[in-house]
Structure formats: C-alpha cells, structure tokens
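Notes for the one structure printed next.
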Amino acid sequence: MTPGRNAWFVLHVVLSVLGVALMALAFIAAALYLLQFRELKARRFGQIFQLFPPLERLDQLNRFALVAGFPALTLGVLLALGYGERFSGGLHVAKAQIVWGIFTWVVLGWAVWVRVVWHWAGRRAAFASIAGFSAVILVYVALKLAQPGVERFL
Amino acid sequence: MTTHIGKGIKVIGVNHRTAPLEVRERFAHGAHEVPAALARVIAAGASGGVLLSTCNRTEFYLQAEDEPALDAVWSLLGERLPTAPTGGAREYGYIARDREAVRHLYRVSSGLDSMILGESQIQGQVREAWEASRAQAGPVLHRLFQTALHVGSRVRTETGLGTGTASAASAGVAVAGKIFGDLAGRSALILGAGDMAELAATCLSNEGVKITLVANRTQERARAIAERLGGHAVSLDEAWAHFATTDIALCSTAAPHAVVTWERVGPVIAERRGRPLCILDLAVPRDVDPAVGQIENVFLYDVDDLQTVAAQATARRRDEIPAAERIVEEETDLFWAWYGGLGVVPTIKEFRARMDAVRVAELDRALQQLDHLSPEDRARVEQFSQALLNKFLHQPTVSLKEAAEEGHGYGLLEALRRLFGMEPPA
C-alpha cells in the first residue's frame, strides 16, 4: 500500500469509527435523557434522578454528538467511495449495502437536520436521535443476517 | 396563675404524617384567621390557646379540659373540608395531653417532628404563632412557647441536627439543577413576596440565577425583594407573559386558591417551543393548577415533592436524633416541674386556711361549753388545737411540695381539691 493510499484508508477508518462512536454517544445521551425526563416529570426522586446527569446537559451532549458525528461519518463514507474509485477500480459492495447505507445516512441526516435547522430540542430531538441510531443498528443486523461475512458496510 | 392550673395542656392537630397536602392546605390558617379560630375554641371552654399553622401542620395548643374545647377544634377544622370523612376532621389528626403535649411542642420547635429533619424554619414559625396568639395564649402557654424557642435554639447549637442544607427551598435548587445543570445565568421569576418566597429566591440567587421579576399582590414588599435580589417588581397580572421566557418560576403567594392556571399561562408556555420550564410551587394552598404540570416541557414540583427530595439529604442528621431527644426530655422535665409546682403554694395556703377555719370554729364551740376553764387552760387548749392541726397538715404539705419539685404536682393538686371540696379553678 502506497503512503497516499495508506493515509486515505486510515482517515476513512478513523472518521467512520469516530462518526459511529459519536452517533452511539448521541443515542446513549438521548436514552438517558428520556429516562431522566420521565423521572422528573413523574416527580420520582430515586436512583435515576440522583445518578443521571441533568436534562439540559444530556440534551447538549446529544446535540454535540450528532452535529459532530454526522459530518465525520459522512466524510468517512465519502472517503470509502473515493478510495474505491481511485485505488480499487470501483466499489466492491453489494447493491443492497449501498441502498441501505443511503437509507441510514438519510435517517441520521434527518435527526441532525431537525436539531439544527428546525431547532428541535429535548424529548423530540432525543426520539429523533434514537430513531437514527436504531436505523444504523437495524440495517447492520439485517445485512449481516442476509449476507453473512459482509462487514464492510459503513 | 392558679386560675389556669386546673386545665391541662393539650395539643390537637394534623401534620404531614397524618394528613395529605390536600387536607393540610384546607386546614392552614393565615395569621388574620388565628384570633377568630382561637376565640371560638376559647368560647368552648379553653382558657388559653396558641394556633401553629405551617404548610406541614395545623396545631392548636390549648389549656383546656378534654371536652368540649377539643370538639370545637375538630368541628372548626371539619368545616374546612368539602366532604368530611365519616369520623370528621379527627380522622386526620392527633391529640397529645399534658407532659406529652409539652414534649410534642419541644420536638416541633427543635425540628425533630419536621418532614425535613432539623429544618430551622419551624423555629420562626413557632415564634410567629406565639406572637399571633399572644393575646389569647394565657400565662402557661406563654411560658411553654417561650421555652420551646429556647429548646429549639439549644438543639441547634448543641447538636448537629440543623447542619447541612435540607430545606424545601434548597431542594428546589437541587431539582432545578437536575433540569438545567449549571444554574448560573438562568432566569427566574418570583410570584409572592413572603418569607418563603424570599428564602427560596435567595437560594436561587446564590446559585447564580438571575431574578428577573418579583410579582406580588402588594407591590411594596415585592419591590423590597426585587431591590435586594435584582429584577423589578410587577403585579401578578403582568407576570403571566414572562412564563414564555423564564427558566424557573418560583411560586409562593398567600392566595387561597391556584393563581397559575392553564388558562393564564398555557398559551404563553406554548411559545417556548419545547424549552423546559421548572415551576417550584412552595405555597400551601398550592399556587399552581396541576393541569399546568401536564404541559410537556413543564416540570412542576409542589411542597411535598421538594420535601421528599430534601428528606434524602437528612440521612446524616439522623445520627443527631438521640442527642436532640435528650435535650427535649431534659427541658420537658424542667417545664413539667415548673408547671406542676405552679399551683402548689397558693393551694397549700388555701388548704391550710380552710383547715384553720374549721379548727377555729370547732375551738370556739368547745370553749363555749368549757366556760369553767381558766384563761391559762383556754390558752393551752387553743395551743393543743393548733399543734394538732400542724401535725395533721405537715405530711401532706411536704408531699405536695416534693411532688411539685419532681413534676408530679399537678395530679396531687387535683386530688387535694377534690378530696377537700375546694373550688376548681375557673
């Protein structure tokens, strides 16, 4: 592997992993938000109330993870596409992977869009974020089941 | 003072352990209602009374025989319930008598009986109750409340029962912190300008919350708080629009019904576009209609909720309970000794005077029949009658004085009056 190819590949892996990790973080923050929200709304002051972070902090964490994670993920995928075009003479992935990959990207993009452009916050934003990450997991599992051995998706 | 000793000390009331908030808020008496309520109980036979009414308790301290003054209290409270339970208001309450009643008040003023163990606000409330009822208290209850304040101070200075922050106001700060995280730079509006509102607003201000406005029925008091904590004073009607922008709304008015209703703030809160609003309702009766709490981004907490939170912070204070209880017991003994001895001296005087009157009457009758006696012999007979009376009265007098010193004088005095047909006190 040439140095150029190598850097390209490393960048793709780093950005993709970072993107997925931030999406996972957004998902966790959203889940904690919803649990803490439920406790605060129901006036229950048990372990969740005591131990979980404040609502607004979870909301901010969710927003940061989405807004930072989505571009990283997008760039990672674009690098993969470019890598394939430049060094491997085209992409070596199944059509289903591309279709579902785009679907997942759109769902995640929607979760980011509603936060940034429509200024969603709080519970609605948390649900959107959970929906986005659930789509990632769902598609990954579905593809794994449909095509065992294919692990290069996203 | 002897006119008061014949009636025992009683406390009749409800508190946070025996009655839910919905009932307590109906039983709560404003300062202006106290004289009339006490007058009614006094008219029913009590010789003195103090009414202690806080958000956690409504208690009548009386000097009274059991009936019918106690019935008057229950019916007075029962009338405040829309639908009274079968047993009336007494289903929610309790009665403590004599020494137990003294001990009860001492535990109350020490914060041992508070929902938030060791909270200090009760000390001020006991003082206010005493001052509001001063004209109707009578000397015994006067002294009882005076000593109760002393006991409260002793417990707070000699034990760690009052350490740490565990008030409803500080719990409000903790809950708001769980919604907003760092409170610095957040905004709060205050409805009401009473002590509770000021205390809670100060707690928020100490955390860096910006007090934007203080709304109250009377503007002078609102202005005083606004000047001290920042913001500006407005009328209640001017406050509703600010529910669209404020982060925290602190409600502690003295209104007898909910002032923050869905109709007033619902449409305004809709303008927040999902931004959370924390409403701390410290008032009893509650200021905020529970329907407002149903709005999705509104987090509404009443006194019971906040006190639940605060109660969690009191675990450390529990270790101090035995030391505080010891002080209460010690002081209860002291008061009871004073109370028991209160009527001893005048009663002994009265008792001896009565016995001496009998002696003199019988001596005169006997001497009339013994007119042959010489003056010396007559003097000897008189000395004999005096000595005999002294011998008879010596032991009862000593026993009464001793019992009074040990705090058991009250029962013996009652027995003495009954046995010798002495008039019961008015």
Side-chain angles (χ1 to χ4, degrees), chain A residues 22 25-68 109-133, chain B residues 20-21 115-116 166 168 170-187 207-209 247-248 269-281 286 288 290-315:
Chain A
L22 284 169
L25 183 65
F27 170 82
I28 292 167
L32 295 185
Y33 180 97
L34 291 176
L35 286 170
Q36 180 71 291
F37 184 98
R38 198 183 58 177
E39 297 299 291
L40 282 165
K41 195 75 184 159
R43 306 156 166 203
R44 280 193 296 261
F45 308 104
Q47 293 292 310
I48 291 177
F49 170 80
Q50 304 275 349
L51 301 175
F52 281 24
L55 275 189
E56 290 271 280
R57 207 164 287 163
L58 289 168
D59 193 47
Q60 284 160 4
L61 180 64
N62 172 266
R63 185 190 159 88
F64 163 78
L66 273 182
V67 171
W110 167 77
V112 177
W113 181 267
V114 295
R115 278 218 78 128
V116 176
V117 181
W118 292 355
H119 301 293
W120 280 18
R123 220 153 72 103
R124 277 201 303 179
F127 276 127
S129 173
I130 285 174
F133 194 74
Chain B
L21 180 61
M115 186 184 261
I116 304 158
S170 60
V173 170
V175 172
K178 275 294 175 187
I179 295 168
F180 299 114
D182 189 6
L183 292 179
R186 298 283 172 180
S187 61
E207 295 295 317
V209 175
D247 293 311
I248 300 165
I269 289 172
E271 295 169 23
R272 301 178 66 88
R273 300 175 59 89
R275 275 196 315 115
L277 168 64
C278 175
I279 304 182
L280 305 172
D281 185 356
R286 285 172 291 182
V288 186
V292 175
Q294 304 293 319
I295 302 172
E296 171 158 326
N297 53 324
V298 171
F299 297 90
L300 168 63
Y301 303 98
D302 63 27
V303 166
D304 272 5
D305 299 323
L306 297 177
Q307 290 184 342
T308 304
V309 176
Q312 293 168 349
T314 61

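Every chain is numbered from 1, with letters handed out A, B, ... down the list of sequences. Note that this is a predicted model, so its numbers are computed, not measured.
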Worked check of side chain to side chain contact (heavy atoms under 4.5 Å, CB included) between B/Asn297 and A/Arg123: CA-CA 9 Å; B/Asn297 53 324; A/Arg123 220 153 72 103; over 6 Å; no
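The contact between A/Phe52 and chain B is made entirely by backbone atoms, counting heavy-atom distances below 4.5 Å. Contacts between B/Glu296 and chain A at a heavy-atom distance below 4.5 Å involve backbone atoms as well as side-chain atoms. Only the backbone of B/Ile295 comes within contact range of chain A, judged by heavy atoms closer than 4.5 Å. For a residue to count as touching a neighbouring chain, one of its non-hydrogen atoms must lie under 4.5 Å from one of that chain's; by this rule A/Gln50 touches chain B with backbone and side chain alike.
The nearest pair of heavy atoms linking A/Leu40 to B/Ile179 is CD1-CG1, 3.9 Å. Across B/Tyr301 and A/Lys41, no two heavy atoms sit closer than the pair OH-N, 4.4 Å.
Of the residues B/Thr308, B/Val175, B/Val309, B/Asp302, the one that meets the side chain to side chain contact (heavy atoms under 4.5 Å, CB included) test with A/Arg43 is B/Asp302. Between B/Lys178 and the options A/Arg57, A/Gln36, A/Glu56, a side chain to side chain contact (heavy atoms under 4.5 Å, CB included) holds for only A/Gln36.
The side-chain hydrogen bond (donor to acceptor under 3.5 Å, both in side chains) search around A/Asn62 returns A/Arg115, A/Ser129, not counting sequence neighbours.
For A/Trp118, the CH2 atom counts as loosely surrounded, since its 6.0 Å shell holds 12 or fewer non-hydrogen atoms of other residues, nucleotides or ligands.
Taking CZ of B/Arg275 as the start and NE2 of A/His119 as the end, the distance is 13.0 Å to the nearest 0.5 Å.
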